[in-house]
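Remarks on the structure that follows.
Not measured: the values here are computed from a predicted model. Note that these values count all heavy atoms, side chains included, but never hydrogens, waters or copies made by symmetry.
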Amino acid sequence: MPQSETHKRRGRLPKIEVVDLFCGIGGLSYGMKSEGFKILAGFDLDWTCQYAYETNNGAKFIYKDIRQVKKEDIIPFYSKKSIRVLAGCAPCQPFSSYAFKNKNKDKDKYNLLYEFGRLVKEVRPDIITMENVPAIASFKLKSVLGDFVQTLESENYNVSYQVVFCPDYGIPQTRKRLVLLASRLGMIELIPPTHKKEEYITVKDVIGNLPVLEAGETCSSDPLHRCRSLSLLNMRRMMATPYGGSWRDWPEELLLDCHKKEGGKSFGSVYGRMVWDEPAPTMTTECTGIGNGRFGHPEQNRAISAREAALIQTFPATYKFFPNELEVSLVKASRYIGNAVPPKLGEIIAESIIQHIRNTPS
């Protein structure tokens with residue numbers, strides 16, 4: 001067995017370096033960093049993400065539209081003799097179910113993933129990872145995903161992708177995501193699930209010990225443990241919502257007009273409470289509002305706080321979102337957290353890459 005292969009199997013690995021496109025506040029980068037990867041840089045068009053990205057990842061944030069990014073912007077970050085990873089989690093809004101049903105409405109909305117494909121061809125990294133909503137795979141080879149896979153295969157990448165149910169990997173929310181891995185070194189796949197159903201991480205596991213809050217209150221010891229205030233009417237609605245319940249449990253006088261219509265009856269989880277012994281629902285950019293999903297605290301009469309949302313997204317309590325968290329914007333915090341790749345999923349992707357490198361002959 002060659003010496004380099006021996007070292008890989010014993011634990012010594014080549015240097016693995018990452019450039020993260022669409023990096024946001026750095027959830028994916030942080031997860032990969034936690035597994036020993038060197039995070040070099042992140043590109044994003046939201047300049048307000050710079051503080052969180054750089055502070056937590058020790059990497060450079062570049063404020064630039066991917067359409068303007070060239071190989072000269074990326075290649076100089078990598079060092080010689082490293083495994084070069086290019087990560088790209090294009091914003092998921094263009095790939096929602098509604099967008100696919102109306103795919104002729106905006107013919108430019110898929111360009112971000114095509115731009116990622118362009119950069120793959122220019123940069124030619126060793127390994128690629130891409131994460132997105134499952135609906136991106138709905139149209140198989142006729143879809144933007146099919147085009148992206150064909151681009152990678154034409155550049156001699158081995159490609160695999162699958163829809164991940166996040167609780168299967170220790171992430172305490174029912175989020176489903178498509179994870180793609182591609183490598184020029186050989187076949188690559190995501191590692192098998194790490195948790196059985198009876199082992200799922202629950203709401204109580206991650207937020208059950210946090211200090212009690214009233215609606216509109218901020219925890220004195222944790223500025224991010226802060227929740228929205230409620231109007232008198234919405235407080236009555238919250239108080240009328242039982243454990244695990246929703247607006248369907250309210251008396252007639254508390255119902256919204258939209259819930260009285262036939263079309264509104266399908267939104268059964270809004271104004272709902274989470275339950276302690278199950279994973280949380282998917283965190284969204286509006287996850288700190290009770291009217292946007294099942295984001296009510298299981299017992300307290302309020303929506304979840306920004307800290308609770310961050311913990312459900314698997315951000316550690318030490319993660320810095322703002323230079324001054326005494327002046328937390330709940331709107332901005334919710335957007336950051338809801339848009340992020342859960343760091344734990346970044347760890348799973350990194351573990352898959354490590355296993356791939358160990359199993360690849362030199």
Side-chain angles (χ1 to χ4, degrees), residues 27 164-177 193-230 234-251 254 267-319 321 328 330 333-334 337-338 340-345 347-348:
V164 168
F165 183 54
C166 285
D168 289 340
Y169 288 93
I171 300 166
Q173 58 176 305
T174 56
R175 175 184 294 242
K176 292 182 179 180
R177 303 296 286 184
T194 58
H195 290 65
K196 299 177 182 178
K197 187 173 183 179
E198 60 270 20
E199 300 169 330
Y200 285 171
I201 309 300
T202 67
V203 171
K204 190 171 187 177
D205 291 331
V206 291
I207 70 168
N209 292 326
L210 292 186
V212 174
L213 289 182
E214 299 289 340
E217 188 179 5
T218 299
C219 178
S220 60
S221 61
D222 181 1
L224 203 67
H225 189 32
R226 172 184 174 186
C227 57
R228 296 180 187 272
S229 59
L230 294 176
N234 276 338
M235 178 56 76
R236 288 179 62 202
R237 288 167 171 158
M238 196 78 241
M239 294 175 70
T241 306
Y243 177 74
S246 71
W247 65 268
R248 295 182 184 276
D249 300 292
W250 297 346
L254 295 182
F267 299 101
S269 64
V270 297
Y271 290 89
R273 288 188 187 271
M274 299 179 186
V275 295
W276 284 127
D277 56 354
E278 295 179 3
T282 299
M283 295 295 100
T284 70
T285 58
E286 297 180 326
C287 57
T288 55
I290 62 169
N292 303 308
R294 191 174 291 278
F295 300 131
H297 189 276
E299 295 177 352
Q300 298 163 37
N301 290 320
R302 59 175 178 84
I304 59 170
S305 70
R307 173 64 70 202
E308 289 165 334
L311 292 173
I312 290 169
Q313 272 281 64
T314 70
F315 282 100
T318 54
Y319 207 86
F321 294 89
V328 169
L330 274 176
S334 302
I337 294 165
V341 177
K344 181 63 179 178
L345 185 55
E347 292 179 21
I348 295 298

When rounded to the nearest 0.5 angstrom, what is the spacing between [atom1] in [X] and [atom2] in [Y]?
| X | Y | atom1 | atom2 | answer |
| --- | --- | --- | --- | --- |
| D168 | E199 | CG | CD | 10.5 Å |
| E347 | T194 | CD | OG1 | 10.0 Å |
| T314 | Q173 | OG1 | CD | 7.5 Å |
| L254 | M238 | CG | CE | 12.0 Å |
| L311 | S305 | CG | OG | 7.5 Å |
| C166 | K176 | SG | NZ | 10.5 Å |

Which heavy atom in [X] sits nearest to a heavy atom in [Y], and how many Å separate them?
| X | Y | answer |
| --- | --- | --- |
| R175 | A340 | NH1-O, 3.8 Å |
| L330 | A306 | CD2-CB, 3.8 Å |
| G170 | P172 | O-CD, 3.8 Å |
| A310 | I337 | CB-CD1, 3.8 Å |
| T285 | S334 | O-CB, 3.3 Å |

Donor-acceptor pair, distance only, cut-off 3.5 Å: does the side chain of [X] make one with the backbone of [Y]?
| X | Y | answer |
| --- | --- | --- |
| N292 | E286 | yes |
| H225 | P211 | yes |
| Q313 | M283 | no |
| R228 | I304 | no |

Heavy atoms, side chains only, cut-off 4.5 Å: are [X] and [Y] in contact?
| X | Y | answer |
| --- | --- | --- |
| I171 | V164 | no |
| P343 | F315 | yes |
| W250 | R237 | yes |
| T288 | C227 | no |
| D205 | Y200 | no |
| P281 | M274 | yes |

(message) Under the rule for salt bridge (charged side-chain N to carboxylate O under 4.0 Å, His left out), what residues qualify as partners of D222, not counting sequence neighbours?
(response) R307

Please set out all donor-acceptor pairs under 3.5 angstrom arising from side-chain atoms of residues 295-303, sequence neighbours excluded.
from, atom 1, to, atom 2, distance (Å)
H297, ND1, E299, N, 3.0
H297, ND1, Q300, N, 3.0
H297, NE2, Q300, NE2, 3.4
E299, OE2, W276, NE1, 2.8
Q300, OE1, L213, N, 3.0
Q300, OE1, R302, NE, 2.8
Q300, OE1, R302, NH2, 2.8
N301, OD1, R273, NH2, 2.5
R302, NE, L213, O, 3.3
R302, NH1, E308, OE1, 2.9
R302, NH2, E308, OE2, 3.0

(message) Under a plain distance cut-off of 3.5 Å, with no hydrogens placed, do W247 and T241 share a side-chain donor-acceptor pair?
(response) no

